[in-house]
Amino acid sequence: MTVRTRIAPSPTGDPHVGTAYVALFNYCFAKKHGGQFVLRIEDTDQKRSTSASEQMIFDALRWVGLEWDEGPDVGGPHGPYRQSERSELYAKHTAELVEKGHAFHCFCSTERLAALRQEQRSSGSSVTGYDGLCMSLSKDEVAERLAKGESHVIRMVVPREGECVFQDVLRGEIRIPWTQVDMQVLMKSDGLPTYHLANVVDDHHMEITHVMRGEEWINSAPKHQLLYEYFGWDMPVLCHLPLLRNPDKSKLSKRKNPTSLWWYREMGYLPEGLLNYLGHMAWTMPDERDLFTLEEMVDAFKIEKIALGGPVFDVPKLSSLNARWLREQLDPEQFIDRLVDWRLNREFLSKLVPLVQQRVQRFTDLIDLTDYMLTHLVEVDAETLQSGREAEEVMRDLYFAVQRFTALDEWNKESIEGVIRVLCEHSGLKMRVFVKPFYLAMSGKPSALPLFDSMEILGRDITRDRINHAIATLGGLGKKKLKKLDKELAALAVLAESE
RNA sequence: GACCCCAUCGUCUAGUCAGGUCAGGACACCGGGUUUUCAUCCCGGCAACACGGGUUCGAAUCCCGUUGGGGUCACCA
């Protein structure tokens, strides 16, 4: 049997460092055993999935050096590799489950479900999840309501007693009472499958032999195992990897730590350095050496050697490892190549030149004009940053901008400008007054290259870092203030919608 | 709250599965040396088996409990 593993990210937002981490382990395991590593796009959530995000996943995984044998862009014998293109398959299998009595139509409203959940929670009941109301519907009634075109979902039947026992390669036997397992929706009212169904169906058809995924999935393993049983399929070997953590030990999140792979790229980390560091999370080379390549990790890889404690993602340690790559693994020629790849390339300069050409008298002016485009944070003192306004007010504007930027689907100067204009209007200030602190936060100078262009070029993550840094310089915002500001911002959004 | 997972220096970890160098490496930090500065490099130091019970001649290592941390409880993945 050929070992086949997969990484199955959902294309929402920026490519996540956790995706690269899980992909790395799946890649190493597959390659170590001469198998294949598959990329599958889990885009069953129509509301959140974007093709831009999908493309970024391809680019980001390739950037760190993880190539897949099969995937949406490279094809393969088990395609399509995009779940949105496999709808008929899920529909067919769902019908099969309904037919066999393993799944049922559910017409319950979201209101009823919310009320149910509310009640279960407030009563402190250990029983949670769907109460099975629609299971008792007669065949005729179901047929009638379907004929009427009533909105419905399809749920799986889950035992109400006993416990589910399954195996995890690293943890051994895990037992979870069935009462803890919800009658999961398999097919949403939009006719698309949920993760649980699509995942099982695809892993089976794609002949995935080993599922290595984040620990957060342990509690849904019973649903998956049950589905495999219902279908009469063999279940892949399960291996739950410890979750990457913030310095405070909570699950890695972008509020507390940079999580976008693009941040690491823009910051000037080498992909080899980043991947090497990810290889330190939950893994150690047999000889405990710190610096190793992907190939070396593949050679040495032993799944049972994965450590289970949740590793804190420590940016300083990543930096020191990256430093070793920079100075020990590159000769000067290669260093030049990498530097050119990073920023000193035609593509980057072609973004910059239209902005600077009109503003230089000599080439030597170039550095002064663009220094802030090549660094991470810039320093400005609080007084300058305030530009004569109240610190509180400036912090509010900066904070609003960060929040809005984070929510933006597309990052370009038009969308950035849109955010700034709305906020400027809200503040009641003239544009030139309003943007002053932004220029200072972004460039460290009262005047610089056009703001929106600068932000677009620097990218969302570094823009966010600089604005947050400016807020901190101004004294920072406490929890209470943040709460108040969040309210104000929400009200602003409602206002905008009603217009 | 219920359920599940986890537990060695501040951080990543080796050692745990086949109990007997009570603990090694790396980052960070501190001190010293090389270097025209800085960085690199070299040497040294600080620093951990969460706690309590067992089992055993002997436990970081096996068992139980406690505590702590994390995760999950969606028509998101």
Side-chain angles (χ1 to χ4, degrees), chain A residues 8-13 16 18-19 40-49 83 106-110 113-114 116-117 120-130 151-155 163-164 166 168 170-172 174-182 184-199 213-223 240-252 277-291 304-324 326-328:
Chain A
S10 74
T12 55
H16 200 277
T19 303
R40 180 172 73 223
I41 295 294
E42 307 227 330
D43 56 352
T44 54
D45 185 346
Q46 292 278 275
K47 286 173 225 112
R48 297 196 308 150
S49 301
Q83 290 185 330
C106 172
F107 300 90
C108 291
S109 66
T110 44
L113 295 172
L116 182 66
R117 224 170 282 136
Q120 286 170 340
R121 231 176 239 227
S122 59
S123 72
S125 165
S126 70
V127 179
T128 55
Y130 187 63
S151 174
H152 67 280
V153 299
I154 295 174
R155 291 178 184 274
E163 59 183 10
C164 175
F166 63 94
D168 175 286
L170 301 175
R171 296 154 225 267
I174 296 176
R175 298 167 165 270
I176 295 177
W178 281 118
T179 49
Q180 296 297 316
V181 183
D182 197 7
Q184 183 65 47
V185 170
L186 299 177
M187 187 72 82
K188 300 180 276 187
S189 56
D190 63 5
L192 291 176
T194 56
Y195 166 84
H196 305 280
L197 194 259
N199 175 266
R213 69 219 314 181
E215 199 175 11
E216 56 199 336
W217 293 107
I218 288 183
N219 288 300
S220 33
K223 294 169 189 170
H240 293 95
L241 301 169
L243 258 21
L244 260 26
R245 311 287 187 89
N246 294 311
D248 69 0
K249 298 275 190 180
S250 56
K251 173 174 157 180
L252 195 68
Y277 181 66
L278 288 174
H280 274 266
M281 303 284 88
W283 169 258
T284 310
M285 288 295 270
D287 61 0
E288 293 191 61
R289 98 187 85 137
D290 288 302
L291 196 127
E304 66 271 19
K305 284 301 196 181
I306 294 171
L308 290 180
V312 171
F313 191 94
D314 187 43
V315 178
K317 183 148 183 178
L318 162 64
S319 297
S320 84
L321 193 59
N322 193 64
R324 289 192 56 191
L326 244 22
R327 79 173 95 89
E328 293 173 21

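Just so we're on the same page: letters track the sequence lines, and every chain starts at 1.
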### 5′-ward residue of the pair A:Asp45/A:Asn219 relative to RNA chain B
A:Asn219
### Task
Classify the nucleic acid contact of A:Val153 as base, sugar-phosphate or nothing, counting any heavy atom under 4.0 Å across all strands shown.
base
With 3.5 Å as the limit, what N/O pairs link the protein to nucleotides 45-47 of chain B?
none

### Query
So, is the end of the A:Arg155 side chain (NZ or CZ) under 6.0 Å from the ring centre of A:Tyr130 and within 45° of the ring's axis?
yes
Do any side-chain atoms of residues 184-193 of chain A form donor-acceptor pairs under 3.5 angstrom with protein atoms, and if so which ones, sequence neighbours left out?
residue: A:Gln184; atom: OE1; partner: A:Lys223; partner atom: NZ; Å: 2.7
residue: A:Lys188; atom: NZ; partner: A:Thr44; partner atom: O; Å: 2.8
residue: A:Asp190; atom: OD1; partner: A:Leu192; partner atom: N; Å: 2.9

### Query
Contact class for A:Thr44 vs. all strands (heavy atom < 4.0 Å): base, sugar-phosphate, or nothing?
sugar-phosphate
### Query
What does A:Arg48 touch in the nucleic acid at a heavy-atom separation under 4.0 angstrom: a base, only the sugar-phosphate, or nothing?
base
### Task
Could you state the atom-to-atom distance from CG of A:Leu243 to P of B:C5 in whole Å?
15 Å
### Message
Under the rule for side chain to side chain donor-acceptor pair (under 3.5 Å), what residues qualify as partners of A:Asp314, not counting sequence neighbours?
### Response
none
Every protein N/O lying under 3.5 Å from an N/O of nucleotides 64-67 of chain B:
none

### Message
How would you summarise protein contacts on nucleotides 11-16 of chain B per nucleotide, using B for base, S for sugar-phosphate only and - for none, with heavy-atom distances below 4.0 Å?
### Response
SBSSS-
### Query
What residues, two or more places apart in sequence or in another chain, satisfy side chain to side chain donor-acceptor pair (under 3.5 Å) together with A:Glu215?
A:Arg171
